Peer 1: 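Sharing a structure with you now.
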Amino acid sequence: MSASAESSARPLDDRQICRCLRRWFRLRGRDLPWRRTRDPYAILVSEFMLQQTQVATVAPYYERWLARFPDFTALDGAKESDVLHAWQGLGYYARARNLHAAARFVRENFGGQLPPATASIARLPGVGRYTAGAIASFAFDLPEPIVEANIGRVIARLTNWRAPIDSSTGQAHLWQTATALLPRKGAREHNSALMDLGALVCVPRRPRCGQCPLRQFCHAVQPELLPIKRKRPRTIQLFEPHTFAQRRNRVLLEQSSDRWRGMWILPRLARSPKEEPLLKIDFPFTHHRVTLAVFASRKAKRPNDKRRWFSRQALASLPLPSPHRRALALLLSVAEPGHTLLPN
Ligand code: SF4
């Protein structure tokens, strides 16, 4: 492995790094629910959930998901609305749809069992280079490198890489270094260890170099300034008006066909009314900051092929994106003080 700057650290010796890392991991590594299994389905579920979502948030969802859809066959046989409902609260629903599609793909192409071959795993919908390597190494212990945010940060610092890691050159450097570091045996433990080092010691703002098992090999000069990333696109503000219509204890909802395809949201308004909204909720979406503004409905609304009336009881089992779920809970609690808020 090469470092990008002169330094007094020892040359990067891949085998020694692996040994130090392994020793540290056996003492300090995290005990995560998805590390207690070798079931490729369970590991696939955890990897999909962990894309864009923190470990602490994922853990309860992971347990509930496996109780509800314990294997590829169960997930393949589920209705999309049930899959989206079970995913509710994790956001980025494309992951849930891909997971559902992956279950179908495994049934149609592999007879319901994921084969221990990275090329086959990489054919699943929603599975990129990182996820294929993660499933291959965590489920089957295949010698595959992985690079995600934690590992990328560790490698950028170890090698004092002072160019953007999200450029094609930066990505090539991270993957090449991860490949060079990979031991011939024990990829599962090695990849988990590198990840945990980034999550627990080589943390973003203030790396704990004094506790680091790789300190003697590290070439970072100002580790707190690494990794370098390209400038993010400017955050765009969006204002989205919706309406709240209630009739005889029922609420009118609309099935989304774009951002939250298949989920139920408060009906959209073509333009914003002049009056003040009943409430506003801000939420992030990719590089947007969205204001969901909900206005009182004045006219009687008719259901159509996209809009339907739902009883309050039915809301609990509907897939609703979090901002709309929050808005409905608030509106219904105001409409009827003491009314139980929608369950999470
Ligand atoms: S914690 Fe410090 S010594 Fe360890 S890899 Fe990160 S920057 Fe280097």
Side-chain angles (χ1 to χ4, degrees), residues 1-32 34-35 47 50-56 58 129-131 133-134 137-138 143-232:
M1 188 169 70
S2 63
S4 69
E6 294 286 322
S7 101
S8 57
R10 280 170 44 182
L12 296 169
D13 177 321
D14 304 340
R15 269 192 296 181
Q16 280 192 56
I17 288 179
C18 288
R19 265 199 297 276
C20 291
L21 197 55
R22 194 165 53 231
R23 215 176 299 131
W24 171 83
F25 179 69
R26 289 180 184 174
L27 287 172
R28 306 262 181 259
R30 293 175 295 179
D31 173 28
L32 301 172
W34 38 92
R35 289 199 181 147
E47 287 301 332
L50 287 163
Q51 294 165 8
Q52 328 255 6
T53 309
Q54 308 269 342
V55 165
V58 165
R129 186 175 181 182
Y130 161 76
T131 308
S137 59
F138 296 149
E144 292 291 347
I146 54 171
V147 174
E148 40 67 89
N150 286 315
I151 295 180
R153 185 170 58 254
V154 171
I155 291 177
R157 287 172 174 171
L158 270 178
T159 57
N160 199 35
W161 182 258
R162 306 188 71 82
I165 57 162
D166 48 356
S167 64
S168 53
T169 321
Q171 281 294 299
H173 170 72
L174 297 184
W175 281 96
Q176 276 160 16
T177 310
T179 307
L181 277 176
L182 195 69
R184 256 181 283 153
K185 284 187 179 163
R188 174 191 295 142
E189 189 176 45
H190 172 84
N191 285 342
S192 303
L194 260 184
M195 232 180 214
D196 280 13
L197 189 74
L200 303 173
V201 178
C202 197
V203 291
R205 271 177 285 282
R206 289 192 193 163
R208 301 173 183 131
C209 301
Q211 304 166 21
C212 181
L214 305 187
R215 194 177 25 172
Q216 58 184 316
F217 308 103
C218 183
H219 289 258
V221 177
Q222 286 180 290
E224 65 285 357
L225 300 184
L226 297 176
I228 293 166
K229 291 193 184 157
R230 287 187 297 198
K231 262 197 174 166
R232 287 198 183 170

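These numbers come from a predicted model, not from an experiment. As the structure lists them, so they are numbered: ligands from 1, and atoms in each ligand from 1.
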Peer 1: Are Pro213 and Arg28 packed together at the side-chain level, in the sense that at least one heavy-atom pair is separated by less than 4.5 angstrom?
Peer 2: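 Side chain of Pro213 against side chain of Arg28, heavy atoms only: no contact under 4.5 Å found.
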
Peer 1: Passes side-chain contact (heavy atoms from CB on, under 4.5 Å), Thr177 versus Trp161? Steps please.
Peer 2: CA-CA 11 Å; Thr177 310; Trp161 182 258; over 6 Å; no

Peer 1: Please report the C-alpha distance between Gln222 and Arg162 in whole Å, then the side-chain angles of each, then the deciding distance to 0.1 Å, and finally whether the side-chain contact (heavy atoms from CB on, under 4.5 Å) criterion is met.
Peer 2: CA-CA 10 Å; Gln222 286 180 290; Arg162 306 188 71 82; 4.2 Å; yes

Peer 1: For residues 192-211, which residue pairs qualify under salt bridge (charged side-chain N to carboxylate O under 4.0 Å, His left out), counting only residues two or more places apart or in two chains?
Peer 2: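 Only Arg30-Asp196, Arg35-Asp196 qualify under salt bridge (charged side-chain N to carboxylate O under 4.0 Å, His left out).
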
Peer 1: Using a cut-off of 2.8 Å, find all protein N, O or S atoms closer to atom 8 (Fe) of ligand 1 than that distance.
Peer 2: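 Protein N/O/S atoms under 2.8 Å of atom 8 (Fe) of ligand 1: Cys218 SG.
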
Peer 1: Check whether the side chains of Tyr130 and Gln51 place a donor and an acceptor atom closer than 3.5 Å, and report yes or no.
Peer 2: no

Peer 1: For the pair Glu148 and Asn150, evaluate side-chain contact (heavy atoms from CB on, under 4.5 Å) and give the outcome as yes or no after the intermediate values.
Peer 2: CA-CA 6 Å; Glu148 40 67 89; Asn150 286 315; 3.4 Å; yes

